[in-house]
Amino acid sequence: MIALLKDLVRIKSDTLEGANSALLLCERWLEQRGIATTILKHEEKLMLVATIGDGDACMIWNGHVDVVPGNSEQFEPFIEGDFLYGRGAADMKAGVAAMMQAFYELSKEPENLTKKIQLHIVTDEETGGETSKFLVDQGYTGDFVICGEPTHLQIGLQAKGIIQFDVKLKGKSSHGSRPWEGNNAIEQAFLFDQQLRTLSFLTASNEFYDYPSLNLAKIQAGERYNIVPDECKVGYDLRFVPGQDMQSIIADLQSLSEEFPNSEIHISTTAPAVTTEAINPYIERIAQVTSQFIGKPAVLFGQHGAADARFYAETGAGAIEFGPSGGDWHGEKEYVSISSTEAYKNILVSLVKK
Ligand SMILES: [Zn+2]
């Protein structure tokens, strides 16, 4: 499994071409071990699906082989102590290698499976997750989904929802020496920002999150010192807490923007929150098996970012992020713990074995 992980890290999969060749390596590895795979293609991006076992209940293991860009040394994996270093080691080629190894071990005795297992390997999680969404749209769904993102063997059962939006504030231009004759659109944007931050939906919380988050991500206005700007565009990234109603948040944003004459609001991107409940037989089973392997109670937590789990969660399936320990993913010294990758593989096998 560690040899497979090293082979995966060696493939510079920070491009579409690289991610596709990493996926084809997974295909070859599985086929050499007698596992039939289906390769799908969507807009030149490849996906791999493999299934073992049968029955109505289906658990999906999802992993991505694309990585964020790295320098060339990061694609030469090396081991120091318990850590394997390299781009994508943690996020999430270790998760993929462990899922493949567990899948292979289980495929040798499918009669001992408690349910059907479907492996999904995708190639664009870091750039939007179109391929996981495509699989879901094609009907590749199940009752429960594990995305093998690095979580230190903790169970990430919720993720915040997303509303990204732009607001265009209008003012009136005048000469910079006579600003009282105009209406400064940048100052309107400041005012909008202040009022936005007092809206009550920003105080929501639940058992896993203390509040939503709001990032003023973009601002565009002003051309010259001597002109009062008549237009200011601001762009926000709002992450709301599972349980909050997205439509009512959007309605609140719209009514705030209506208080600013001639302003326009545009909702750019939305994604629902992942709201898998802790009281779920799959979560209980995963927590129980994990605690046996780590020797202490399993930890449940809420992720701040959103990964591919969200596409499956939209179908009503329970979906979690659950994977090995590591650090500095998206950074320069990305690494994964080999012992936790081994433990993760063993947990996956135990989860679904009679
Ligand atoms: Zn990832």
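All heavy atoms count here, side chains included; hydrogens, waters and symmetry mates do not. Just so you know, ligand 1 is whichever comes first in the structure, and atom 1 is the first atom listed for that ligand. Since the model is a prediction, treat every value here as computed from it, not as a measurement.
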(request) Just give me the atom name: the N, O or S atom of D91 closest to the Zn ion (ligand 1). (result) OD1
(message) Can you confirm whether L25 sits close enough to L4 that some side-chain heavy atom of one is under 4.5 Å from a side-chain heavy atom of the other?
(response) yes
(request) Could you tell me whether E130 and K133 have a side-chain N and a carboxylate O separated by less than 4.0 Å? (result) no
(message) Just checking: C147, one of its N/O/S atoms, less than 2.8 Å away from the Zn ion (ligand 1), yes or no?
(response) no
(request) Answer yes or no on whether K108 is positioned over the face of Y104, meaning its NZ or CZ is under 6.0 Å from the six-membered ring centre and within 45° of the axis. (result) yes
(message) If I consider every N, O or S atom in E149, which one ends up closest to the Zn ion (ligand 1)? I only need its name.
(response) OE1
(message) For the aromatic rings, using the six-membered ring if either is Trp, is the centroid distance between Y312 and F144 under 6.0 Å?
(response) no
